[in-house]
Amino acid sequence: MNATSRRAMIKAAAALTISASVSASFMERAAAQATEVVYSTFLDPNNTNDPRSAAQTKMIQAFENKHPDIKIRLLVDPTGQSVTRAVKSRSDTPDVIRVVSFGLPEYAATGNLVPLNDLVKKEGIPDDDWLLPLSTAQIDGKLYGIPQDFRIPILVYRKGALQEAGVTPPKTWDDVCAAGSKFKQPNVIGFAVPLGATGGIGGAQSLAEFFLSTMLVGPTGQYFAPDGKIAFSKENFIRAGESIKDFFTKCKVTSLRSAQMGINEVHDGLRSGTIAMTNFGLYRFKTIQAQGAGDDLGWAPAPSFSDADKQTVYSYSIALNKHSKKQDAAWTFMKFVISPEAQAIAAEGGEVVSRKSAYTTPYLQSDAGKNQKQWAELVSQRGRAVAYSPILSTFHTILGEAFQRMVLKDESPENAYAEVVKRYDEALTKAQ
Amino acid sequence: MLASRTQAATTSPGVGVGDTPDTHNGVRFSWIPYLWFAPAILVLFLITLYPTFFVGWLSFQKTRYYELTGFVGLANYAEVLSSSAFWNTVFVSLTYVVGSLTGAVVLGMAAALVLNNAGPTGSVLRVFILFPWTLSMSVVGSIWLWLLNPSFGPIPYLMQVIGLEPGLMLGDPGLALPLIIIVTAWWSFPYVMVMATAAMQSIPQELYEAVEIDGGGALVKFRYVTLTHILPTLGSTALTLSIMYLTLMTLIIVMTGGGPLGSTTTLSFEAFRGTVQAVNIGPTAVVSIVVLLINVALGVVYTRLTGRVTG
C-alpha cells in the first residue's frame, strides 16, 4: 500500500467517524425529544405463550409508528401491587394505567386519577359505540377509566364429563343443583365454587367475580352505593348463601375440595378435567383449551336464578394518572388505545374488545373470532355494570371468610350476612 | 510546620490533620476516622435505619394511604393490641416459627449425622439435599400446591391408595398450618444440615476415640461430643431461621393466602395485607413494629450465641 492510498484511507476513516458522530448526536437529540409515556399493564411482552401480549406489542408499535414523537415504556405489573402503591403514594408514573374496573373505585378514592369526562366530550368520543354505554363506567358521575375490553362470567365445561354424566349445560342454579346426583366419578368436581383465599385481589376474588357480584345484586342492580356502603339486600345475600351452601351440602354438586380453590386451582382443574364445569372468566378460555382441554372445552351463558337474568360485567379500563407530567402525550396514547383501529388489533389477542365498531373487522368476522363475537353479544344483551366498593379487596377477604365459615363450619347464611355487614361497615368507617 | 506534624504523628499514632487536643488526658481526638466511616453510616441510615424509624413514626399516625394525616399517639397500639384477631395472629406466627424450626432442626441434624459418616456418597447426597434450599419460595409454594391438591395431587392420591382419607388438605382450617410448617421445614432443613455438618467436621477425632476407649457408645458420642460442640452453631442457626420464618410470607401468599379462615395468617402476612388493602396503615405499622421487636429480641440472643461461637 503506497503513501497516497494510506492517506486517503485515513481521510475516509476520519470523515466516516465525523459523520457517524454527527448522526449519533442527531439521533440522540431526536430520542431526547420523544416523550416517554409509561404504561402499566399486567401483560408481559416477553410472554410468547399469551396472544394478548403479542397483540399489545403490535398495538403499541402501531401507535409509535403513527406518533414517532411519543415512546411507550411498559411497566409490567402482573399483580397490580406496584401500580397500587404508585397511585396511593401520588407517584407521577405510570402515566397511563390499565386497571380492572372493579379496582377503579379504590384508585379513584385516592384522588390521584384524572376524571376524563371533559376530555371525552372534547374529543367527541361517542357514548353508544361501546358494548355497554360509556356512561355506565362512571363512578359517582365521573369517568375515571375508559373500558378497553369487557368480561362477563360464562359457564365453562368439559364436554366429555357432562356427556358421561348425562348433563346438559345448566341454565339456572336449580339446574346446577339437579346435576349433583349425576356426577359419579370420585375425583371429578361437578360444579366448582372457589371459596379459597389465594389469587386475585384480597382473596376469594373468583367467588366474587364469577358468582356473587351477580347473585348479590339480584334484579335491583345495586352492589355498592356511591358512598361505598353495601347496597345489595339481605334477601339477595341469603338466597345466594343458601344456594351455594346447598351446592356443597344438599345437592353435592360441589365437593368440599373446592372450598380451598382460588382462580388458578379452578383453571388447573378445568384443564386437567378434574372439574366438570364452573362459572369462569372468558379471558382464560383459549388458554385452558391450549393447555390440554382442547376441543373438549365448551362454554355457555352462565347460570343464574332465572335463565334471562342480567350478569354483572366488568372491564379492563385505561386511566390517566393525575400526577403525570406528560398528560397530553398520555391522553394521545389513551385515545389511540380505545380507537376502533387499536381495538381491532387487541381483539386478535382474544379480548372481547369494548368498541362496537371494532367488530366489523375481518378477524372478528372469521371463525377465529367467533367466540369473541358471541361473548360480545352476550355482554350487550345480558351484561350490566355495577358500582363497586372503594375497599373491594377488603370486602373480598371478608366475603370469602364468611362463605368459608358457612360451608366448612356449617354457619347459617343469616350469620354470614351479619358477619359481612359488621366487618365491612367497620372497615369502611376506618377507611373513611 | 512539616517537622512538627511529623513529630506529632511519630509520637502519637493516629493523630494528624483534623485532630483536636483532648484536654482531659492529653490524647488528641481525631474526626478523620469518622469521616472515613461517614459514607457507610449514611448508606446504613438511608436503607436500614430511616425506613425503620419511619415505620415507628407511622405507628403513631393516622394515614390516608401513604399520606400522614395526623398524630394519634398510642391509639393505633391500643386498637391493635386490644384486638383478638391480632393475638390469634401472634399465636399462629409463634406456632409457625416453633413448628418449622423444630422440623428443620430435626431433619437437618438427622441429615448431617447420616451424611457425615457416609464418605464420598455423603458429599454427593449433600448436594442433592441442598436442592430445596436453592429454590425460590414461590416455586416451592407452587410445587407443594400441586403435590397437595386434593383433586389431582400425588400426595392425596397416594393416601387414597393406602386407604387414608386425604380430606381437604390446605382447605382444612385445622390442617393448613401444619402443612405449611412441613413445607417450610422441608425447604429450610438443608441450611441446618450444612451448618451442622460444618460444625461436626471441626470436632477433633481424638474426642470420639477417647469416648471409645472409655467404652462409650454412639449415643454417648452424640450427647457428649457432637451435640456439645455443635450446640452454639445450632443455636445461632436456629435463631437465624426464626427471624427468617417470622418475616417470611411468600409461601403463605402462594399456598393459602392466609386462609382458610385466617388459620395461616401470620404477623408478616397481616402486615403485608394491611399495607396493600388498608386506607389507614397506622395499625399495620404497629404490627410491623411488633415483628421488629420480636426480631430484635431474637437478634440479641443470636448475637450472644454468636459471641460464644467466635470466642
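Convention: sequence-line order gives letters A, B, ...; per-chain numbering from 1.
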For the residue pair [X] and [Y], establish whether any side-chain heavy-atom pair is separated by less than 4.5 Å.
X	Y	value
A:Thr397	B:Arg273	yes
B:Trp146	A:Asp268	no
B:Thr256	A:Gln260	no
B:Asn149	A:Arg257	no

Legend entry - B:Met255, part contacting chain A, at a heavy-atom distance under 4.5 Å: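 Backbone only.
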
Legend entry - Engaged part of B:Pro283 at the chain A interface, taking heavy atoms whose separation is under 4.5 Å: neither

So which atom in [X] and which in [Y] form the shortest heavy-atom distance, rounded to 0.1 Å?
X	Y	answer
B:Ala278	A:Lys88	O-NZ, 4.4 Å
A:Thr84	B:Val276	CG2-O, 4.4 Å
A:Ala431	B:Arg64	O-NH1, 4.4 Å
B:Pro260	A:Leu408	CB-CD1, 4.4 Å
B:Leu261	A:Glu401	CD2-O, 3.3 Å

Sort [X] into side chain, backbone, both or neither according to what part of it lies under 4.5 angstrom from a heavy atom of chain B.
X	answer
A:Leu256	both
A:Ala109	both
A:Arg85	both
A:Ile189	side chain
A:Thr110	both

Inset, instruction - Tell me, out of B:Ile252, B:Val254, B:Leu170, who's got the most heavy-atom pairs with chain A below 4.5 Å. - result: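 The option with the most such pairs is B:Leu170.
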
Inset, instruction - Please say whether more than 12 non-hydrogen atoms of neighbouring residues, nucleotides or ligands are located less than 6.0 Å from CZ in B:Phe53. - result: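 Open.
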
Inset, instruction - Using a cut-off of 6.0 Å, state whether more than 12 heavy atoms not belonging to B:Tyr77 lie near its atom OH. - result: yes

Legend entry - Set of residues satisfying side chain to side chain donor-acceptor pair (under 3.5 Å) with respect to A:Lys422, sequence neighbours excluded: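 Only A:Glu426 meet the side chain to side chain donor-acceptor pair (under 3.5 Å) criterion with A:Lys422.
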
Inset, instruction - Report the residues that fulfil ring-ring contact (aromatic ring centres under 6.0 Å, His included) with A:Tyr144, sequence neighbours left out, ordered by chain and then residue number. - result: none

